[in-house]
Structures are given as structure tokens and as C-alpha cells.
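Working notes, structure below.
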Amino acid sequence: MRTHNEQKLAERNIPGMNRHQRFVEVQHAENVGATLKRIITYFAHEKAMVICMLIIVIFGTLCGIYAPSLQSNAIDIIAKTRTGNLSQTLIFMLIVYLLYSGSQMLQNLFSAKLSQRIVKRMREELFGKIVDLPVRYLDTHSHGDVMSRMTNDIENISTTVSQSLPSLFSGVLTIIGTVVIMLWYCWQLALLSCATVILTLVATKVLSGKVRKFSRKRQMLLGQLNGTVEEMISGYRTVVAYNHQDITTEDFCRTADSLTKAGIKTDIFSGIMGPIMNCIGNIGFVIIAAFGGYFSINGLISIGVISAFIVYAKQFSRPINEIAQIYGQLQTAIAGAERVFTVLDEVNEDKTGEDLAEEENTTVTFQNVRFAYEPGNPVIHDFTLTVPSGKKIALVGATGSGKTTIVNLLMRFYDIDSGEILINHQNIKNISRDDLRKNVAIVLQDTVLFSDTVRHNLKYGNENATDAQMQKAVEMSCCEDMLQRLPQGYDTVLTGSGENISQGQRQLLAIARAFVADPKILILDEATSNVDTRTEKSIQSAMQHVMQNRTSIVIAHRLSTIRDSDLIVVMDHGAIVESGSHDELLEKKGKYYELYMAQYAGFAT
């Protein structure tokens, strides 16, 4: 027997929609400049903190640049090539170094706060975007991959903002300031020292492309791996029931191996940057020692200047090495930001439109409706049906006949390709989705309850419901006895989406929730397919109360549950093939008769 989700996928008939190929649809922006500009816009909301951090970075950089000059003066005083007070110079140098260390601490503090604020804003935007996305997007994208963007990708951005960006800012300023003061001391030796920059740029350019390529691949594979784990955990009973543990493990290991290879390559190319930069820095030290000694012998510079140049050369190479080492992290963050922005750039579900007109009666009409999940593969063909106000209409048919799709179209989870769906002569395309869904309640085969109290679950469809309304809904839904047996009654916390109560109890609560919502239109999609016969009778009794005087559409495989329907509509391949009452359809001995006899003769439908 197929699950509800599998049935919906079967109805859509989307080719190639398995969990591996869905990841091929994920596109990554390749314009790094545009991505960086977009990241910078988040800093604009934290101007005060950014300015404070920049001031601290500038102050600390100036202290770091000025300290070696004091060291140079102290050495020249000791060598008696310069006059001055050695004690005052040393004390002043100590103060400067202490200020430098203090600025580093403040810099880390501000960067951590800035990181969390920016990531908080980005995370809120992404979550807000996800809840506003069309149902089609979440139906055609791996849930694990979407969750990976919310967690792993944003966490990479957070780490980069808190650790890498401060080093980048201070590093750039240190390089500029160091070059300026080295040119002021001895431009000849400064130019010779800076010659190693060319080697650094060449090495960075060669390795950066590799890092970016494999970091993007690693993020994509990580999302795929999360999707595999999420599917395995949510469908664990099915995996075990079909003895697919080994196949699932092989599937996981295959993806994990690819992720490991991409991660190793990313780390290799990122890791070798540091040693290469250190080697280039050592070459710079050799140049300073050789030519500095020559210039000192010829009286061009003092011994103290050579000492300062050695420190400045280290200061000059250190930020270059740091930038090279964090480049991989920056590329990972950019790749993660691209994936986040890809979701943020998706078109929101259109919720504009008028309100549903307030009328005593509620009639639903489908007129020549055609629909396809994928162009060229229609699943609904010229569907025409009228659901009179206050009547109960049942949709039956084989799996994949389009029953659930009709519900999706009425709820405007998807928009029809042609035709009209009317509620009291009001086209639902002109009704806002929010107002439409406020007037429609749905009870699904796979009941969704949230990890919260029973009270909050019942009020999910109507936050303003009073205790009296909830009590009435509970009584009419035949779950009053069940609530009395719960430890804290209405305040009992449902854990694991209601795993601490039975499937039948979850269905009864879902029906009670629909009653609390007090909808004009009620949809029951296989609401009793997962429960036993005894519980089914309780649910049927509850449904009769809920559906009384309401316009209702019932989807059922168990034909016994819809025998009392005002009209039974038989669907096949997205079209209506028969309609009538239970007795009338049996007399015709058509499609409904075949379904009924097969079911009650003991054959699978």
C-alpha cells in the first residue's frame, strides 16, 4: 500500500522525481562579486557596530605598525647611533603593545556580536521565505537540502563573519600601513621585500579556483546527504519493513564517499596555501637579511631599521598568509550564501486577491478544469463537477486517478491551467489564498500534529477559539473520553508530532481541529485509511457531526465510508467516468461496481 506522499507523486506523474535527481535542479549563482555585494547589504543594518569595529581595527592596526618603529629606535639608542631616553622608549613600546592586544580583544568581541546579528537577520529572512514559498517548490525540492541551507550554509556564513572578516579587514589595513612605513624607511629595501607579493598573488590565483570549485560541490553533496538521512529517519519503519537497510546504507555511503572526496580536495587546496605562503615569506626574510646588511654597511640604513624591516616583513606576510588560509573558508561561505540567496530569490506564493464573499450557502463548482504538474503530462482533463452547499460529495478511484490533485487545486496549492473553480460564482483565482484557506479545513490521511499542547493543536486553525468552542468541537468529534484519559487533558504535550497517542486518536484530534476552525468547506482526504474498523466507526461518527450542513468533499479508498454520500464521483486518469449514489452506481455495474466488488471480494484495489 502506498503512503499518502507516494500517492501524490504518482498522481503528478513527474518524471525522474527521485531524491538524487532532484538535487540536479538546485542552481548556484556563479557571480561572486554580486554575491559579496548582497552580503554587504546585511552589514548596512548594523552601521553603528560596523563603524565601532572599524575604528577598533584601525586603531589596533596603527598600534601594530607603530610598535616596530619604537623597537627600531630602542636598538639604535643601545647601539649609540641615535640619541634618546631608552627607558621611556621601552615603556612607550610596552604601552603600545598592550593597546594593540586590547584592541584585538575588542575586535573579537564586536565581530562575534556583529556575526550573530547578521546571521539572525539572514536566518529570519530565509525562514520567512520558506513559509511563503509555493507548495510546488517544497514538493519538488529535497526537504533535507532546504534544511541544510538553513543550518549548515548559514552557520558557515556566521563563522566567516565572526572569524575571517575581522582578519581580512585588519590584514588589508596592516598590509597598506606596513608598505607605507617600509617605503618611508628605505624604498629600495621595501621594493625588494614586496617582490614576493607577485609570487603570493600567482599562488593564490591558481589555488583559489580549485578551492571554490570543490567547496561548492561539498555544500551540494552535504545537502544531498542531509536529504538522504532525513528520508531514512522519517521513513525508517518502511526501510526496516522492506529490509532495505543495506541498500540505504550503500546509498548513504556512496554520497558520503563523494562528500569525503570533495571535502579532502577542498581541505588540501586550502591547507597548502599556508605552507606556500610561509615559504614565500621566508624568501622575503632572506632578501631583507642580504640586502639590508649591504645597505647598512654602506650607511644607507641603521641596524635598528634592519630590525624593524624584519618585523615589518613578518607583519606584511602574516596577513597575506592569513588571507590565503581563510580563503577556503571565505569560498565556502560564499557558496553557502549563493545557496541561501537562491531560495530567497524564489517567487513567493501570490497571496493577493479579494476576500471570499460572506454568504449563507457555499457551493463549489469545477468547470472544464485542466491541470498538469509538468507541461505535456496533464493529470486532470476537463473536470466538471458541482458540489452543492451543505452536501457531501465523495471522490473515489484508483491510486493516481487525480483525487488528491482536485483537493490541491481547490486549496490553490497549485493553480489550474484552464477552466474555472468557483465558490458561489466567485472565481478562486480572484480570492486571496489566505482568505480561501481560512474558509477551508482539511483532514489528511497522514495526520500532522505539532509538538505542543493539545489545546494549541486544536486552536491551530482558529487562534481566537474560546474554551467553549473547543469543548463543543471535542464533544462533536467523539474524543472527549480520550482527552479525559490524557495526563494533563488539554495541556498534555504531544511529543514527536503526536507519537505519544495512537493513530486513531490523532485522527480524532485532527477532526476536532477542523471543527474548531469552523470552515465553510471541509475536505477529508483518506481520513480513516490508517485506523482499524472500530476506530473508523468513531471517526465516521465524528465526521458526520462535523460535515453536517457543510459543503464537504471526501476522498476515500474504503468505499464503506462514503456509502451515505449525497453524490459519489468516480475518477479515472484525471476525468470523471461515473457519478451517482451508491445504489445507482452498483446497478450500472461500471467502474464503481468493479472497485466495490474487488474490495469486498478480498482483492487489492
Side-chain angles (χ1 to χ4, degrees), residues 3-5 120 123-133 135 138-139 143-144 146-147 150-151 154 226 229-231 233-237 349 351 411 413 433-435 437-519 522-528 530-531 535 538-539 542-543 545-546:
T3 66
H4 185 63
N5 290 333
K120 176 178 178 290
R123 187 179 286 117
E124 288 175 347
E125 287 185 9
L126 181 58
F127 186 81
K129 183 70 178 187
I130 291 173
V131 298
D132 285 334
L133 285 173
V135 173
L138 293 177
D139 278 349
H143 295 174
V146 175
M147 291 170 61
M150 172 65 74
T151 54
I154 288 188
N226 287 339
V229 174
E230 187 265 342
E231 285 188 348
I233 293 176
S234 61
Y236 181 71
R237 293 173 184 244
E349 186 177 52
K351 294 187 178 181
M411 295 288 291
F413 293 152
R433 283 179 165 87
D434 285 344
D435 197 65
R437 294 165 187 169
K438 185 176 67 175
N439 289 278
V440 181
I442 185 168
V443 180
L444 297 172
Q445 170 188 357
D446 299 324
T447 304
V448 177
L449 297 175
F450 299 94
S451 298
D452 206 334
T453 63
V454 171
R455 185 185 307 278
H456 286 135
N457 272 280
L458 290 176
K459 296 176 69 173
Y460 195 76
N462 182 4
E463 295 180 355
N464 299 320
T466 63
D467 290 343
Q469 288 175 308
M470 283 194 296
Q471 180 64 29
K472 180 180 178 181
V474 167
E475 292 175 357
M476 300 296 286
S477 303
C478 302
C479 54
E480 187 175 22
D481 292 341
M482 176 197 73
L483 284 178
Q484 289 177 353
R485 290 194 299 269
L486 293 177
Q488 286 83 36
Y490 286 93
D491 295 319
T492 300
V493 176
L494 302 179
T495 60
S497 300
E499 292 296 330
N500 54 337
I501 59 177
S502 69
Q503 176 66 41
Q505 290 173 326
R506 292 199 292 269
Q507 286 286 18
L508 288 174
L509 285 178
I511 293 172
R513 179 173 59 189
F515 196 97
V516 172
D518 194 22
L522 179 65
I523 299 172
L524 302 172
D525 189 353
E526 301 284 357
T528 63
N530 289 334
V531 297
T535 306
S538 299
I539 293 176
M543 290 192 300
H545 290 297
V546 176

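- Separating the CG atom in Leu126 from the CD1 atom in Ile154 is a distance of 5.0 Å, to the nearest 0.5 Å.
- At least one donor-acceptor pair closer than 3.5 Å links the side chain of Asn457 to the backbone N or O of Phe450.
- In this structure the side chain of Met411 reaches within 4.5 angstrom of the side chain of Ile523, judged on heavy atoms.
- Without hydrogens or angle criteria, Gln469 side chain to Thr466 main chain gives a donor-acceptor distance under 3.5 Å.
- Annotation: Lys351, atom NZ; neighbour count of heavy atoms from other residues, nucleotides and ligands within 6.0 Å is above 12.
- In terms of heavy-atom proximity, Val516 sits nearest to Ala473 at CG2-CB, 3.4 Å.
- Remark: Lys438 NZ is loosely packed, at most 12 non-hydrogen atoms of other residues, nucleotides or ligands lying under 6.0 Å away.
- Here the side chains of Thr453 and Gln488 are not in contact, with every heavy-atom distance at 4.5 Å or above.
- The two residues Leu458 and Ala512 have their closest heavy-atom pair at CD2-CB, 3.7 Å.
- In this structure, the side chains of Asp481 and Gln484 come closer than 4.5 Å at one or more pairs of heavy atoms.
- Tyr490 has its side chain within reach of Leu483: a pair of non-hydrogen atoms, C-beta onward, lies under 4.5 Å apart.
- Nearest heavy atom pair, residue Leu508 against residue Cys479, reads CB-CB, 3.9 Å.
- Taking both residues in full, the closest heavy atoms of Ala514 and Leu522 are given as CB-CD1, 3.9 Å, listed atom of the first, atom of the second, then distance.
- In this structure, the side chains of Gln471 and Glu475 come closer than 4.5 Å at one or more pairs of heavy atoms.
- Ile130 is listed as a side-chain neighbour of Met150, based on a closest heavy-atom distance under 4.5 Å.
- A salt bridge does not link Lys129 with Glu125: every distance from a Lys NZ or Arg NE/NH1/NH2 to an Asp or Glu carboxylate oxygen is 4.0 Å or more.
- A heavy-atom distance below 4.5 Å is found between the side chains of Arg455 and Asp467.
- Leu494 has its side chain out of reach of Arg506: every pair of non-hydrogen atoms, C-beta onward, lies at least 4.5 Å apart.
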